[in-house]
Amino acid sequence: MPPKRAAASKRKLEEDSESEVDAATSKFASDASDSDAPSTSKPKAKKAKTTKAPKAAKPKPAKAAKPINDQPTNKTLPDEIQFPAKNEGCVRIATWNICGLAAAQKKGFKHYMEAEDADVLILTETKVNNDPVDPMLTNRYPHRYWSISDKKTYSGTAILSKIKPLSVDYTLPGHPDPKSIKGRIVTLEFESLYLIGTYVVNAGTGLKTLDAKNEWNKHFTTYIRDLDRKKPVIWGGDLNVAPTEIDLANPKTNWNKTPGYTEAETRAFAEILTPPEKEGAKPMIDTWRKMHPETRHYTYFSYRFNCREKGLGWRLDTCKFFIFVIWHSLILISLFLLVVGILLWWNMR
DNA sequence: TCTTTTAGATG
DNA sequence: CTGTATGCG
DNA sequence: CATCTAAAAGACCGCATACAG
């Protein structure tokens, strides 16, 4: 895959990521697509910025100039960002882990927001401590729902919408430690569907919080299936899991070692998408993967080790949705149209 | 993620 | 305001 | 004891905070 595109900036802050979905029909119907912000890099080698611990003072290779390739950096957004035009009557849903709203705004969050002009925007790792009142956000999105963690400047999930939801929920029902869930989930109920935005628990360095993540997965699975019995569900955000081996650059060396790609995490995720027979629940569709069955495309690049330039990334952020019998034909049709549109757009770039 | 250090197996 | 340190990812 | 190798340990980037001077 051509090096041309990459997610906007920040991902889990370690990175950035972003994905987008268009829902067809005026009321939030179906179908989706995903895309990322374009790139263009800034060859700026700004090195003397971090005040690093003194320590044994290491030589520091003075990395000069900087390789000029067309990869973006994690420190700034491209100056020019373009997205496919929105289809008339479609609702565009996008998600982006911004790793700090304040930092993202300094990097050019506004340019992304204007270029994408999503109708519904899911933001994760906002790290805000109060509901932002910036006109830049409030003018475009009259309806804003911020889930804020108890822990200062930690996690944080928000959904900004041009469409007024019927109801809003910030909880994960059944979870034994509700405080730990604050800042991680926002559910909006619309007339025809539910939209869930999540910043899923990170399994932690050395997998030290894998237990907490398993707890989340257990209750989230129940929750999403309960909602599914009532209305179609679209789920997006930082899902903090690389679903399969083609969703990260180095599957072998990371398997069961690095958070986001362990047996427990991938299995839990797979069971959300494809419930075991006995449960009788309906499957979900990984929309981006559905449209690009074999493409290796990542939404996150670690800040460390110049992973972005090297293309060493993970696909952790995306949107999924449930299929319902009633919606079946509509989804197939709109999905087909969307795929055609995306392919055309992709090839023309 | 990548490099260096340490521990451990082998002969 | 600068520097150092910690937590988190 | 010398040598190879596999596992463990650091260092690594960046955001945000707290605190010392």
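Below, chain A is the first sequence line, B the second, and so on; all start at residue 1.
As rounded to the nearest Å, D:dA16 and B:dT1 have C1' atoms that lie 24 Å from one another. Distance noted for atom P between C:dG9 and D:dA8: 23 Å (whole Å). Nucleotides B:dC2 and D:dC15 place their C1' atoms 23 Å apart, quoted to the nearest Å.
Rounded to whole angstrom, the span from the OH atom of A:Tyr303 across to the C1' atom of C:dC8 amounts to 13 Å. The nearest whole Å value for the distance from the CG atom in A:Asn97 to the P atom in D:dG14 is 16 Å. Following rounding to the nearest Å, A:Leu207 (CG) and D:dA8 (P) show an atom-to-atom distance of 13 Å. Atom P of nucleotide C:dC8 and atom CZ of A:Arg184 are separated by 11 Å, given to the nearest angstrom. Note: CZ (A:Phe301) to C1' (D:dG14) measures 17 Å, nearest angstrom. Separating the CG atom of A:Asp238 from the P atom of D:dC15 is a distance of 17 Å, rounded to the nearest angstrom. Across the protein-nucleic acid pair, A:Arg304 atom CZ and D:dC13 atom P stand 10 Å apart, rounded to whole Å. Residue A:Tyr261 contributes atom OH, which lies 17 Å from atom C1' of B:dT1 at whole-angstrom precision.
Remark: side-chain polar atoms of A:Thr157 are not paired, donor with acceptor, to backbone N or O of A:Val186 under 3.5 angstrom. Proximity of a side-chain donor or acceptor of A:Asp228 to a complementary backbone N or O of A:Val233 within less than 3.5 Å is not detected. Between the A:Glu125 side chain and the A:Asn97 main chain, no donor and acceptor come within less than 3.5 Å of each other. Not one N or O on the side chain of A:Thr266 forms a donor-acceptor pair closer than 3.5 Å with the backbone of A:Pro243.
For A:Ala103, taking side-chain heavy atoms from C-beta onward, the closest of the listed nucleotides B:dT1, C:dG9, D:dC15 is D:dC15. Comparing B:dT1, D:dA16, D:dG14 by their nearest atom to the side chain of A:Lys107 picks out D:dG14. Relative to the side chain of A:Trp314, the nucleotides D:dA16, C:dG9, B:dT1 differ in distance, and B:dT1 lies closest.
Looking at A:Lys162 and A:Asp117, a side-chain N of the basic residue comes within less than 4.0 Å of a carboxylate O on the acidic one, giving a salt bridge.
For residues 242-256 of chain A, every residue pair satisfying the salt bridge (Lys or Arg N to Asp or Glu O under 4.0 Å) rule, not counting sequence neighbours, is listed here: A:Asp247-A:Arg289, A:Asp247-A:Arg315.
At C:dC8, none of the side-chain N or O atoms of A:Asn202 fall inside 4.0 Å of OP1 or OP2 (strictly under the cut-off).
Within residues 147-158 of chain A, the residues having any heavy atom closer than 4.0 Å to DNA chain D are, in order of number, A:Lys152, A:Thr153.
A donor atom on one side chain and an acceptor atom on the other are not found under 3.5 Å apart for A:Asn256 and A:Glu263.
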